[in-house]
Amino acid sequence: MEFGIKSKRAKRSARLESAGSTLKKLQDDYSHSLQFYDRPPGDNLSLEEFHQYAADRYEVLNRSANAKASFGREGTKLKDAIKEVTGKRLPLTFRPVVKEEDSAGSATIRLGVPDPDDIRERLNKTMYDERRKDHVSHFILRLAFCRTEELRRWFVDNELELFRYRFEEMMTGTSGIKDFLAAAKMSFDEASVEEKQALTKELFESTGTRFDDIAATPFYKVPFCQAYDLVSRRRVFLSGGIAYVPLLDFVSILGNEFRSRLQRALMTTARSLPAVEDDSRISPLLKGISQLYTGEDFTKSSSDVTGTISLNQLDEVSRKSYAPCMRHLHETVRERHHLKHQSRLQLGLFMKGIGVTLNDALTFWRSEFVQSPRVGPEKFEKGGYAYSIRHYYG
């Protein structure tokens, strides 16, 4: 049947042109899903996109930080939390770019049959949009979190956690890793089959890899100076200044490089921040992003808590309304009268977000920490604890 064929061919020609454009943008701008964020974005962004991208990425990092504070890195709870929030806020598809030859397009057009070129264009468009949002949102938060050492540390720690999660999701085979290393301009040799056969006993005893799995497991040859943490934990075999790193531990090597690059980039961004803050359109947004609270807004509850929460309400509100991770932190500080820095930061910003005033926050933390033998009244005031709380409130 020839009905409508000319019209369909014209539309197909337009789609092919669009598909070629999307494919080129993917290959030029985002050749791999995983990034080290070495290149700043250069395209236009609406203020609405700017704010939404920032809020979405902050929610991902904040949820990761809360889950890590509550559950630690052991088990699957942290990974499950990141998987859930990234799926909703910052999805990222790990699949190769679909090239023209992969779609097996045909010059024959049949009515009612999906066009392979149309499918290819949709897949590539989705990947491009995901990678662009991931790229741009990272740089927006980089601007917001470069201001102080405390903010930089929080941002690096949680960006690293997101990177580790994504790398492990991608790690279904070595081809994806090879493509990422090429995109990141990094190079590590793999141990050959002959090397692994000759070193089977040493690799088994040093790396914890099952004896029967050594032949099938990729081992990357990494200079000793880049594998300090794995060496200190006795997770690698050393020979001639080279560490043999199994695939499962290779994320540690890449994570160290990711952290190092991001720390340097944040310092560079901080020096450039005054020029950015002259832009009245985005300066207020940047200043507010680091204090975002994107969970449930308890200050708008239908209960009798309106606007602020007083100290005598905290215990009851924590039992009835806190998210499980925040309730755990609240109960921990009430029981042990102490929290580590990262947990203090999370609970402190959360309390600010639900309406606890600065004076009440200082009273709350002081009353708990003076009971701790590690702190006491003088250290609380002079050791940086009180200053940190005031810093939460600007």
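Fair warning: this is a prediction, and the values are worked out from it, not measured in the lab.
Ion pairing between Asp134 and Arg166 holds under the 4.0 Å rule for side-chain N and carboxylate O. The pair Glu159-Arg152 fails the salt-bridge criterion, with no side-chain N (NZ, NE, NH1 or NH2) lying under 4.0 Å from an Asp/Glu carboxylate O. Between Glu195 and Lys221, at least one side-chain nitrogen of the basic residue sits less than 4.0 Å from a carboxylate oxygen of the acidic one, meeting the salt-bridge criterion.
Every residue meeting the ring-ring contact (aromatic ring centres under 6.0 Å, His included) condition with Tyr37, not counting sequence neighbours, appears here in chain and number order: His138. For Arg235, the side chain to side chain contact (heavy atoms under 4.5 Å, CB included) criterion is met by Leu230, Arg233, Asp249, not counting sequence neighbours. Applying the side chain to side chain contact (heavy atoms under 4.5 Å, CB included) rule to Ala386 yields the partners Leu362, Phe380, Glu381, Arg390; only residues at least two apart in sequence or on another chain are considered. Taking the side chain to side chain donor-acceptor pair (under 3.5 Å) definition, one finds that His337 meets it with Glu368, Gln371, sequence neighbours left out. With sequence neighbours left out, Tyr128 forms a ring-ring contact (aromatic ring centres under 6.0 Å, His included) with Tyr30. Every side chain to side chain contact (heavy atoms under 4.5 Å, CB included) that Asn256 has, sequence neighbours left out, goes to Asp229, Ser252. In this structure, Ser232 has no side chain to side chain donor-acceptor pair (under 3.5 Å) partners at least two apart in sequence or on a different chain. The side chain to side chain donor-acceptor pair (under 3.5 Å) check on Ser33 picks up Arg131, with sequence neighbours excluded. Not a single side chain to side chain donor-acceptor pair (under 3.5 Å) links Ser318 to another residue, sequence neighbours left out.
For the side chain to side chain donor-acceptor pair (under 3.5 Å) condition, the pairs that include at least one residue of residues 340-349, sequence neighbours left out, are Arg153-His341. For residues 32-41, the pairs satisfying salt bridge (Lys or Arg N to Asp or Glu O under 4.0 Å) are Asp38-Arg261, with sequence neighbours left out.
Hydrophobic cluster membership of Phe219, counting Ile, Leu, Val, Met, Phe, Trp and Tyr whose side-chain heavy atoms lie under 4.5 Å apart directly or via other members: Leu199, Leu203, Phe204, Phe211, Ile214, Phe237, Ile242, Tyr244.
Ser64 contributes no side-chain N or O that, together with a main-chain N or O of Val60, makes up a donor-acceptor pair within less than 3.5 Å.
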After noting the C-alpha distance and the side-chain angles of Trp365 and Met351, does the key distance pass the side chain to side chain contact (heavy atoms under 4.5 Å, CB included) rule? CA-CA 11 Å; Trp365 290 106; Met351 289 170 62; 4.1 Å; yes

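Under a cut-off of 6.0 angstrom, the local environment of CD in Glu316 is sparse, with at most 12 non-hydrogen atoms contributed by other residues, nucleotides or ligands.
A donor and an acceptor atom, one from each side chain of Arg132 and Tyr53, are located under 3.5 Å apart.
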